[in-house]
*Asks:* 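There's a structure below that I have some questions on.
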Protein chains: 2
Amino acid sequence: MEFTASPKPQLSSRANAFSIAALMSSGGSKEKEATENTIKPLEQFVEKSSCAQPLGELTSLDAHGEFGGSGAGSSSPSSSSLCTEPLIPTTPIIPSEEMAKIACSLETKELWDKFHELGTEMIITKSGRRMFPTIRVSFSGVDSEAKYIVLMDIVPVDNKRYRYAYHRSSWLVAGKADPPLPARLYVHPDSPFTGEQLLKQMVSFEKVKLTNNELDQHGHIILNSMHKYQPRVHIIKKKDHTASLLNLKSEEFRTFIFPETVFTAVTAYQNQLITKLKIDSNPFAKGFRDSSRLTDIER
Amino acid sequence: MEFTASPKPQLSSRANAFSIAALMSSGGSKEKEATENTIKPLEQFVEKSSCAQPLGELTSLDAHGEFGGSGAGSSSPSSSSLCTEPLIPTTPIIPSEEMAKIACSLETKELWDKFHELGTEMIITKSGRRMFPTIRVSFSGVDSEAKYIVLMDIVPVDNKRYRYAYHRSSWLVAGKADPPLPARLYVHPDSPFTGEQLLKQMVSFEKVKLTNNELDQHGHIILNSMHKYQPRVHIIKKKDHTASLLNLKSEEFRTFIFPETVFTAVTAYQNQLITKLKIDSNPFAKGFRDSSRLTDIER
DNA sequence: CCGTTACCACCTAGGTGCCAATTT
DNA sequence: AAATTGGCACCTAGGTGGTAACGG
């Protein structure tokens, strides 16, 4: 008697796996395109970057806070991105005057900093696991009348594979990176945004999921376990006045990177301090907090 | 320590209250417009309707199945809409040849029929209550390349107020209708859809909420308790090739009505058979099913 | 008297880390 | 030995009707 299933699949905003080409041609609709490229380590982009502060340091293994964020030591709740680079590294990036005005700040910087000091780890599972902390950003300098697509991806930081030395409580290089995986873009499900929306409200990527399943069909971002990654946030100005087939110039992209959001993908937490910090700060893990668990001991 | 709040409000797809004017000018973005009109009883539209089968019968109090649906007696899982009318009743509706091809069917017809036979009731609360059954429709005849906005609203069936006679188990007219309420359109949060999406997948209005709070700020649909209502589904072809300020012609609308979805808004269920059917068919009410409740008696 | 409200127990749905078992 | 998996208890978040209290 219970009413559950229906003949047709229901529309949902799950299909968020996009190729860059699909994005360009479709202009950000929620269709799923099978075309998938593979991404190369961030190092390659960095070499071509024109940033004042070289991103090369990002490739170092050390994850203990030199990149605590551009606002390190300040009490600001949000962090400005260190640098921008193009989604597709073609020629040196010269964003249009209009796009150059756009700024993006990380709203959850304080929490990210705490994790970053310890060396952030993110669980990846076959079915997909959310990130914690969540990437939440806000924009300024956008045209309130224009429309924008906001998306994120996650790129390798280097070509290394890591392992955790429990007795030393530190990460060690364990060899060369595993073969690259299908690159996936996570288009924020509320895209396209009006500039007005972006100025008023924060964009949260809480629903993005990470997986180690190379054959994932849900559009989750696929990562290699025991590798280091850097999330990136991209904003694209949508041109809707013409048929939008591949006429998107690179100046219409902006990419923002927050170094304090680097993390190592794992299938089980390695550093116990990370586990503790996750339990203490993620509401969904409340069941594992000290007070609850002390009662277990008291029994 | 727990991470919860953030300085900026988070973007969500909650703001779904639209005026028709706002829809036309914004082309279906998710902004909230305060402009609210009041709607008039369905009767007024019906008079101007050019439908073959007069909708006038809809205004009759009887809710016991003469309108079991256009497919009455058939075992089809979905129902075709009986008739279409314009969102704004101006001149007799002559949809463009293209829009005339569009058909819309009710995917949940079987369940709706069961409720309709008993006289469907929907709870309305201050904070907003979902509809059960849910309005789920699928479209055919749309242009797979075009973009469409899909929305619903709920209009009064007549100018009457009702009361339920428990001893007779039937509804009686209790007087003239209360003053009309702000008219609200619920734009499906996944709008705009591509025609391709609409052909593939069903559109579900499961998230729409009904309220009796005239000052509701959440964009829920506002109804008068003890009044009869008819949900309507609208589809608008989106023209994005020009600046879209009020140049939407009425031919670009289509409206679909499923008579088996009429209901009476209530703050508490009146007909016990409706209560039982809700409990038996809504998964969220499983806690009230016979087997669970018999154990209460067994105590 | 009838209609509305607030709170409740009981669900669905799904996000946590834990842990034992399994795989490589 | 190291890494992965699946089931689990325990949460968050929120959708049900029941029920007693309230209010016109």
Side-chain angles (χ1 to χ4, degrees), chain A residues 2-4 121-132 134 161-167 172 174-175 178 206-213 224-227 264-272 274-293 295-296, chain B residues 2-4 121-132 134 161-167 172 174-175 178 206-213 224-227 264-272 274-293 295-296:
Chain A
E2 180 171 328
F3 180 79
T4 50
E121 300 173 24
M122 295 286 173
I123 297 275
I124 56 180
T125 68
K126 197 175 169 184
S127 59
R129 196 77 150 193
R130 286 190 179 178
M131 294 177 68
F132 189 89
T134 300
R161 183 190 170 80
Y162 294 89
R163 70 181 190 88
Y164 191 74
Y166 291 91
H167 59 293
L172 308 174
D178 292 342
E206 60 195 355
K207 291 221 166 75
V208 68
K209 286 191 174 180
L210 314 182
T211 183
N212 57 349
N213 179 10
N224 273 320
S225 185
M226 312 308 272
H227 289 58
T264 306
V266 296
T267 57
Y269 289 126
Q270 306 294 309
N271 182 345
Q272 294 182 348
I274 287 291
T275 309
K276 181 172 179 1
L277 187 51
K278 294 250 185 182
I279 289 172
D280 286 343
S281 49
N282 188 336
F284 287 112
K286 190 177 276 181
F288 298 101
R289 291 188 188 168
D290 284 344
S291 58
S292 321
R293 312 186 74 201
T295 60
D296 289 348
Chain B
E2 180 171 326
F3 179 81
T4 48
E121 300 174 25
M122 295 286 174
I123 297 274
I124 56 179
T125 67
K126 198 174 167 184
S127 59
R129 196 77 150 191
R130 286 190 179 177
M131 294 177 69
F132 189 89
T134 299
R161 183 190 170 80
Y162 294 90
R163 69 181 190 88
Y164 190 73
Y166 291 91
H167 60 291
L172 308 174
D178 292 341
E206 60 195 354
K207 291 220 165 75
V208 67
K209 286 190 173 180
L210 314 182
T211 184
N212 57 348
N213 178 11
N224 274 321
S225 186
M226 310 309 270
H227 289 59
T264 306
V266 296
T267 57
Y269 289 125
Q270 307 295 311
N271 182 345
Q272 294 182 348
I274 287 291
T275 309
K276 183 175 179 355
L277 187 51
K278 294 249 185 183
I279 288 173
D280 286 343
S281 50
N282 187 337
F284 288 112
K286 191 177 277 183
F288 298 101
R289 292 189 187 166
D290 283 344
S291 57
S292 322
R293 310 186 74 202
T295 59
D296 289 347

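Proteins come first, then strands; the chains are lettered A, B, ... in the order of their sequence lines, and each starts at number 1.
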*Asks:* Atom CD1 in B:I124, atom OG1 in B:T264: separation rounded to 0.5 Å?
*Replies:* 10.5 Å
*Asks:* Indicate yes or no for a side-chain donor-acceptor contact from B:H227 to the backbone of B:A265 under 3.5 Å, with no hydrogens or angles considered.
*Replies:* no
*Asks:* Would you check if the side chain of A:K126 reaches a backbone N or O of A:N212 as a donor-acceptor pair within less than 3.5 Å?
*Replies:* no
*Asks:* How many whole angstroms separate atom CZ of B:F288 from atom P of C:dA9?
*Replies:* 11 Å
*Asks:* For the side chain of A:T275 and the backbone of A:Y269, is there at least one donor-acceptor N/O pair under 3.5 Å apart?
*Replies:* no
*Asks:* Between C1' on D:dG18 and CG on B:N282, what's the gap in Å once rounded to a whole number?
*Replies:* 15 Å
*Asks:* Just how far, in rounded Å, is C1' of C:dC18 from CD of A:Q272?
*Replies:* 13 Å
*Asks:* Under 4.0 Å between a side-chain N/O of A:N212 and OP1 or OP2 of D:dT5, yes or no?
*Replies:* yes
*Asks:* Could you tell me the separation between the CD1 atom of B:I123 and the C1' atom of C:dA6, rounded to a whole number of Å?
*Replies:* 14 Å
*Asks:* To the closest 0.5 Å, what do you measure between CG (A:L210) and OG (A:S225)?
*Replies:* 11.5 Å
*Asks:* Between OG of A:S281 and CZ of A:R289, what distance do you get to the nearest 0.5 Å?
*Replies:* 7.5 Å
*Asks:* Is there a donor and acceptor pair, one atom on the side chain of A:R129 and one on the base of C:dG17, closer than 3.5 Å?
*Replies:* yes
*Asks:* Could you work out which one of D:dG18, D:dT12, C:dC18 sits closest to the side chain of B:I279?
*Replies:* D:dG18
*Asks:* Could you provide the dot-bracket string of DNA chain D, using ( ) for intrastrand pairs, [ ] for crossing pairs and | for bases paired to another strand, with Watson-Crick or G-U pairs below 3.5 Å?
*Replies:* ||||||||||||||||||||||||
*Asks:* Are the side chain of B:R129 and the backbone N or O of B:M122 linked by a donor-acceptor pair below 3.5 Å?
*Replies:* no
*Asks:* Each nucleotide N or O in nucleotides 22-24 of chain D that has a protein N or O under 3.5 Å away: list the pair and distance.
*Replies:*
none

*Asks:* Check the distance between D:dC11's C1' and A:R289's CZ and give it to me in whole angstrom.
*Replies:* 10 Å
*Asks:* Reckon A:T275 touches a base, only the sugar-phosphate, or nothing at all at heavy-atom distances under 4.0 Å?
*Replies:* sugar-phosphate
*Asks:* Indicate whether the side chain of A:Q270 and that of A:Y166 have a donor and an acceptor atom separated by less than 3.5 Å.
*Replies:* yes
*Asks:* Closest nucleotide of DNA chain D for B:A268 versus for A:K126: which of these residues is on the 5' side?
*Replies:* A:K126
*Asks:* Considering only nitrogen or oxygen atoms on both sides, find all protein atoms under 3.5 Å from nucleotides 1-3 of chain C and state each distance.
*Replies:*
none

*Asks:* Nearest 0.5 Å please: distance from the CD1 atom of B:I123 over to the NZ atom of B:K278.
*Replies:* 7.0 Å
*Asks:* OP1 or OP2 of D:dT16 sitting under 4.0 Å from any side-chain N/O of B:K286?
*Replies:* no
*Asks:* Whole Å only: how far is the CE atom of A:M122 from the C1' atom of C:dG15?
*Replies:* 14 Å
*Asks:* Nearest-Å distance, CE (A:M131) to P (C:dG15)?
*Replies:* 15 Å
*Asks:* Send over the distance from B:K276 NZ to D:dG17 P, rounded to a whole Å.
*Replies:* 14 Å
*Asks:* Does B:K209 make a side-chain N or O approach to OP1 or OP2 of D:dG15 shorter than 4.0 Å?
*Replies:* yes
*Asks:* Using a 4.5 Å cut-off on heavy atoms from C-beta on, say whether the side chain of A:Y162 contacts that of A:L172.
*Replies:* no
*Asks:* Among D:dG18, D:dA9, D:dG15, which is the nearest nucleotide to the side chain of B:R130?
*Replies:* D:dG15
*Asks:* For D:dG15 and B:K207 - does any side-chain N or O of the residue sit under 4.0 Å from the phosphate oxygens OP1/OP2?
*Replies:* no
*Asks:* Got a second to check how far A:R163's CZ is from A:M226's CE, nearest 0.5 Å?
*Replies:* 9.0 Å
*Asks:* Between A:E121 (side chain only) and A:I274 (backbone N and O only), is there a donor and an acceptor less than 3.5 Å apart?
*Replies:* no
